[in-house]
Amino acid sequence: VLTVSLQLAEATSWAKIGHEIACFQHQISPGSCGQIPAAPISSLPTINKSPHTLTIVTAKSNFTFSRASGLLRRWVGGSCPIVSESAEHRNALIPCFWRPPTDNDRVKALAHWKSFGVDKMTSQLRSMRVDGNTTAGVITLTTRTYIAPPSLGWGWNATTTYQIQSDGSAMSVFTSLEKPVGITPDHVPRMGFDIALTKTLNQVKWHGRGPGESYPDKQNSQRLGIWAVNDISQLLYPYDIPQESGNHTDTRWLELTTRGNGPVVKISAISSPLPFGAISDIKNGNGAIDDSSLDDKCLLQHLFNFTATPYSAEVLEKAAHPHDLVEGDRTLLRLDAAVNGVGTAAVGPGPREDHLVKLTEASFGFILALV
């Protein structure tokens, strides 16, 4: 990427020497994508089942899933928790379409979203299957769920595939949404995952747009680069009235670290439900996954959205002033394939049609790896 910066050559009464007047970036060459490296097989993972949970035990991590919901409840890397459910976050990782409203949303979009129950979506398990590739040592868990608001007649049938590396150094999660059924909203705020991180993972480094927030209709205010903050609170913009903020578009990769010698988690987007090697005859609701051509595909995608916040969506929506904000017991990480633009509805038009997240068939996924 070529970056051109226009700066003051001399100091003025209103700015110091070197003050940037404008910036322009142009992509000279395309980014590269590639395969996911295989982990060495030191020992095969084991699967432990109880009436309520399914736990996959590896050399580096333990992953616990609910047998009632099919959702991840806990991931412990070594002796350090990475993600876990809590009283506030009933599931540690879940497909999600909701975010706190902006002032612009409150004019029209918020009432539309809530009338369709987008803020109260639930995930109902239909089937759950575990497959182990004894040759590669990979564990694959596939669930079929119905994602819908309570008591309303619309929703998505979804297939979610989790793959865990043989040594537990990485987990992928990939969701495929079928065409929604019923009478649906015109659009939703976002499309991606909510992940409940331990609060010790509070330092962030990323390759994408920064250093400030960016959305589809205001992303050119930020430049591409590698950015870092010492605390996730620095990702958020301190609006006078608390609201949605802190999204970062065009992200290539994201790292979350702890102060000291804690774990480092690196996140990338993927284009395949089976990044760690294909397992034949994995059935979903529509038949078997065809893995015959995966070896020749680029599995790492490039661009996604993210934000991380210590506040729940409910706390942000109810807060009238910054002092009303109360941190939760987990850090909420949002990883999104698509997000709505913010528009100007409080004083003008809302987001353009091409900046809205429409309801359709979709698929998205990520790799979370211990570095």
Side-chain angles (χ1 to χ4, degrees), residues 5-6 14-15 19-25 96-121 149 184-192 194 208-225 227 229 232-251 303-326 332 334-360:
S5 177
L6 304 180
W14 50 270
H19 176 77
E20 185 173 82
I21 302 298
C23 173
F24 171 77
Q25 289 187 307
C96 191
F97 310 90
W98 183 249
R99 60 158 173 76
T102 66
D103 278 354
N104 293 331
D105 295 330
R106 295 179 187 277
V107 175
K108 185 177 179 181
L110 181 60
H112 178 71
W113 292 335
K114 286 197 169 185
S115 69
F116 281 90
V118 183
D119 59 326
K120 301 184 183 300
M121 302 287 279
T184 66
D186 295 333
H187 49 83
V188 291
R190 51 181 281 250
M191 184 177 290
D194 276 359
R209 292 193 180 271
E213 67 178 19
S214 56
Y215 290 82
D217 52 359
K218 55 185 258 183
Q219 63 183 11
N220 289 338
S221 65
Q222 306 299 311
R223 69 179 66 179
L224 292 172
W227 313 95
V229 296
I232 61 165
S233 61
Q234 296 173 274
L235 295 173
L236 309 178
Y237 189 85
Y239 290 104
D240 291 338
I241 299 177
Q243 57 191 285
E244 157 68 12
S245 71
N247 186 75
H248 292 79
T249 63
D250 291 349
T251 306
L303 308 180
F304 61 95
N305 297 266
F306 88 92
T307 192
T309 173
Y311 310 116
S312 68
E314 293 79 8
V315 166
L316 274 167
E317 183 178 351
K318 292 178 180 178
H321 307 282
H323 66 257
D324 296 327
L325 295 173
V326 178
L332 176 61
R334 297 197 328 234
L335 301 176
D336 289 318
V339 297
N340 256 17
V342 293
T344 60
V347 293
R352 289 186 343 208
E353 284 292 314
D354 58 333
H355 292 152
L356 297 175
V357 180
K358 299 292 188 175
L359 281 74
T360 183

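What you see below is based on every heavy atom in this structure, not just the backbone, and it leaves out hydrogens, waters and symmetry mates. Fair warning: this is a prediction, and the values are worked out from it, not measured in the lab.
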Run the side-chain donor-acceptor check on residues 336-343: report pairs under 3.5 Å with partners two or more places apart or on a different chain.
{"residue": "Asp336", "atom": "OD1", "partner": "Arg190", "partner atom": "NE", "Å": "2.9"}
{"residue": "Asp336", "atom": "OD1", "partner": "Arg190", "partner atom": "NH2", "Å": "3.0"}
{"residue": "Asp336", "atom": "OD1", "partner": "Gly192", "partner atom": "N", "Å": "3.4"}
{"residue": "Asp336", "atom": "OD2", "partner": "Arg190", "partner atom": "NE", "Å": "2.9"}
{"residue": "Asn340", "atom": "OD1", "partner": "Val357", "partner atom": "N", "Å": "2.6"}

- Rounded to the nearest 0.5 Å, how far does CG of Leu335 lie from SG of Cys96? 11.5 Å
- Message: I need the minimum non-hydrogen distance between Pro149 and Phe116, along with the two atoms involved.
- Response: CG-O, 3.4 Å
- Contact check, side chains of Asp324 and Pro242, non-hydrogen atoms, under 4.5 Å: no
- Task: State, yes or no, whether a side-chain contact exists between Lys358 and Glu353 at a heavy-atom distance under 4.5 Å.
- Result: yes
- For Ser5, enumerate each residue passing the side-chain contact (heavy atoms from CB on, under 4.5 Å) test, keeping only those at least two apart in sequence or located in another chain. Gln7, Glu20
- Item | side-chain contact (heavy atoms from CB on, under 4.5 Å) against Ala308, all qualifying residues, sequence neighbours excluded | Ile232, Leu235, Thr331, Leu333
- Task: Please work out whether the ring planes of Phe306 and His248 are parallel, tilted or perpendicular, with thresholds of 30° and 60°.
- Result: parallel
- Message: Can you tell me how far apart CE (Met191) and CG (Leu359) are? Round to the nearest 0.5 Å.
- Response: 6.0 Å
- Message: Does anything in residues 107-119 form a salt bridge (Lys or Arg N to Asp or Glu O under 4.0 Å)? List the pairs, not counting sequence neighbours.
- Response: Lys114-Glu317
- What are the two closest heavy atoms between Gln222 and Gly212, and how far apart are they? OE1-N, 2.7 Å
- Task: Without swapping roles, check the side chain of Gln243 against the backbone of Ile241 for a donor-acceptor pair under 3.5 Å.
- Result: yes
- Query: Between Ala345 and Gly350, what is the shortest heavy-atom contact and its length?
  - Reply: CB-CA, 4.1 Å
- Item | side-chain contact (heavy atoms from CB on, under 4.5 Å) against Ser233, all qualifying residues, sequence neighbours excluded | Asp231
- What is the minimum heavy-atom distance between Ser221 and Glu213, and which atoms define it? OG-O, 4.3 Å
- Query: Looking only at heavy atoms, what is the nearest atom pair of Ala346 and Asn104, with distance?
  - Reply: N-OD1, 3.0 Å
- Message: I'd like to check Leu303 versus Thr249 (side-chain heavy atoms, cut-off strictly below 4.5 Å). Are they in contact?
- Response: no
- What residues form a ring pair (Phe, Tyr, Trp, His ring centres under 6.0 Å) with His355, not counting sequence neighbours? none
- By ring pair (Phe, Tyr, Trp, His ring centres under 6.0 Å) - contacts of Phe24 (at least two apart): none
- Is there side-chain contact between Thr251 and Asn305, with at least one heavy-atom pair below 4.5 Å? no
- Separation of Leu356 CG from Asp354 CG (nearest 0.5 Å): 8.0 Å
- Would you say Trp98's side chain and Lys120's backbone share a donor-acceptor pair under 3.5 angstrom? no
- Query: Got Pro310 and Leu236 here, is their nearest side-chain heavy-atom distance under 4.5 Å?
  - Reply: yes
- Task: Run through Val326, Leu332, Leu316 and flag the one making a side chain to side chain contact (heavy atoms under 4.5 Å, CB included) with Tyr311.
- Result: Leu316
- Message: Tell me every residue that passes ring pair (Phe, Tyr, Trp, His ring centres under 6.0 Å) with Tyr215, counting only those two or more places apart in sequence or in another chain.
- Response: none
- Message: Checking Lys318 now: which residues fulfil salt bridge (charged side-chain N to carboxylate O under 4.0 Å, His left out) with it, not counting sequence neighbours?
- Response: none
- Query: Looking only at heavy atoms, which two atoms of Val188 and Trp113 are closest? And how far apart?
  - Reply: CA-NE1, 3.9 Å
- Note on the structure: side-chain hydrogen bond (donor to acceptor under 3.5 Å, both in side chains) filter on Tyr237, not counting sequence neighbours, yields none
- Can you tell me which residue pairs pass the salt bridge (Lys or Arg N to Asp or Glu O under 4.0 Å) test with a partner in residues 235-250, sequence neighbours excluded? Arg209-Asp250, Glu244-Arg334
- Please name all residues satisfying side-chain contact (heavy atoms from CB on, under 4.5 Å) with His323, sequence neighbours left out, ordered by chain then number. His321
- Item | Donor-acceptor under 3.5 Å (Thr344 side chain, Val347 main chain) | no
